[in-house]
Participant: 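Take this structure first; my questions come after.
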Amino acid sequence: QVQLVESGGGLVQAGGSLRLSCAVSGSIFSFYAMGWYRQAPGNQREFVARITHSGITNYVDSVKGRFTISRDIAKNRVYLQMNSLEPEDTAVYYCNAPGGIWGQGIQVTVSS
């Protein structure tokens, strides 16, 4: 059974950067398309970024040009590099794998 564990969140000022990491265990990592989602207080969980098994990426419009998703197959990790952070990026960020598999989530807070 696949397990996902996020790390790297925290508090940062607007304009700053954070890199989230998702450690994947328990399955054959290279067959998955992996994604990042986020949920702000009072809002529904929303898609942020995705990377396919062939390395194709896509992003929600609000983060294009600021966020980059990547993965290290040898380390079984997926990353989300977040630059030029805005207060509107404040949310709990979740790593996702196909089949409804979610990490526990990690808080990202951007202060103005």
Side-chain angles (χ1 to χ4, degrees):
Q1 183 177 355
V2 175
Q3 292 184 329
L4 310 176
V5 179
E6 300 98 337
S7 61
L11 173 64
V12 65
Q13 289 187 332
S17 298
L18 285 173
R19 188 177 80 155
L20 303 183
S21 177
C22 174
V24 185
S25 64
S27 187
I28 303 174
F29 179 72
S30 63
F31 287 94
Y32 281 97
M34 302 292 297
W36 287 96
Y37 287 70
R38 66 186 180 186
Q39 187 168 16
N43 291 354
Q44 291 186 336
R45 193 171 297 187
E46 67 169 354
F47 167 80
V48 176
R50 179 174 176 262
I51 185 165
T52 71
H53 67 281
S54 59
I56 296 172
T57 60
N58 60 299
Y59 301 89
V60 66
D61 285 347
S62 60
V63 308
K64 285 181 180 177
R66 301 189 298 121
F67 290 11
T68 302
I69 188 171
S70 62
R71 65 184 205 167
D72 187 328
I73 294 176
K75 294 183 178 180
N76 274 356
R77 287 184 179 266
V78 178
Y79 303 99
L80 186 68
Q81 178 66 44
M82 306 185 294
N83 298 328
S84 301
L85 282 161
E86 304 169 352
E88 292 74 20
D89 297 316
T90 295
V92 177
Y93 283 71
Y94 297 89
C95 185
N96 170 260
I101 302 169
W102 298 92
Q104 82 283 358
I106 193 160
Q107 179 70 44
V108 171
T109 303
V110 184
S111 63
S112 58

Participant: I would like to know whether Met82 and Val48 meet side-chain contact (heavy atoms from CB on, under 4.5 Å); could you show each step before the answer?
Facilitator: CA-CA 11 Å; Met82 306 185 294; Val48 176; over 6 Å; no
Participant: Taking all heavy atoms of Met34 and all of Ile69, pick out the closest pair and write down the distance.
Facilitator: O-CD1, 3.9 Å
Participant: If the test is side-chain contact (heavy atoms from CB on, under 4.5 Å), which one of Asp89, Leu20, Thr90 qualifies with Val108?
Facilitator: Leu20
Participant: Can you name the closest pair of heavy atoms from Arg71 and Tyr79 and give their distance?
Facilitator: CA-CD1, 4.5 Å
Participant: Please name the pair of heavy atoms, one in Tyr59 and one in Ala49, separated by the smallest distance, quoted to 0.1 Å.
Facilitator: CD2-CB, 3.5 Å
Participant: What's the separation between atom CD in Gln81 and atom OG in Ser21, rounded to the nearest 0.5 Å?
Facilitator: 11.5 Å
Participant: Applying side-chain contact (heavy atoms from CB on, under 4.5 Å) to Tyr37 and Val92, what does each step give before you reach the verdict?
Facilitator: CA-CA 8 Å; Tyr37 287 70; Val92 177; over 6 Å; no
Participant: How long is the straight-line distance from CD1 of Ile56 back to CD1 of Ile51, given to the nearest 0.5 Å?
Facilitator: 9.5 Å
Participant: Could you state the interatomic distance from CZ (Arg45) to CZ (Arg38), rounded to the nearest 0.5 Å?
Facilitator: 13.0 Å
Participant: Whether the side chain of Gln104 engages the backbone of Val5 through a donor-acceptor N/O pair (distance < 3.5 Å, no angle test) should be reported.
Facilitator: no
Participant: Give the intermediate values and the outcome of side-chain contact (heavy atoms from CB on, under 4.5 Å) for residues Tyr93 and Glu6.
Facilitator: CA-CA 8 Å; Tyr93 283 71; Glu6 300 98 337; over 6 Å; no
Participant: Group every Ile, Leu, Val, Met, Phe, Trp and Tyr by side-chain heavy-atom contacts under 4.5 Å, then state whether Phe47 and Ile101 land in the same group.
Facilitator: yes
Participant: Side chains of Ser84 and Arg66: is there a donor and an acceptor less than 3.5 Å apart?
Facilitator: no
Participant: Mind listing the side-chain donor-acceptor pairs of residues 9-18 below 3.5 Å, one per line with the distance, residues two or more places apart or on another chain?
Facilitator:
residue, atom, partner, partner atom, Å
Ser17, OG, Asn83, OD1, 2.9

Participant: How far apart are the closest heavy atoms of Ala91 and Gln107, and which atoms are they?
Facilitator: O-NE2, 3.5 Å
Participant: Taking atom OG of Ser112 and atom CD of Glu88, what is their separation to the nearest 0.5 Å?
Facilitator: 9.0 Å
Participant: Let me confirm one number: the OG-CD1 distance from Ser7 to Ile106, rounded to the nearest 0.5 Å.
Facilitator: 6.0 Å
Participant: Measure the OG1-CG distance between Thr52 and Asn58 for me, rounded to the nearest 0.5 Å.
Facilitator: 8.5 Å
Participant: Give a yes or no on whether Trp102 and Val78 share a hydrophobic cluster (residues Ile, Leu, Val, Met, Phe, Trp, Tyr; joining criterion: side-chain heavy atoms under 4.5 Å apart).
Facilitator: yes
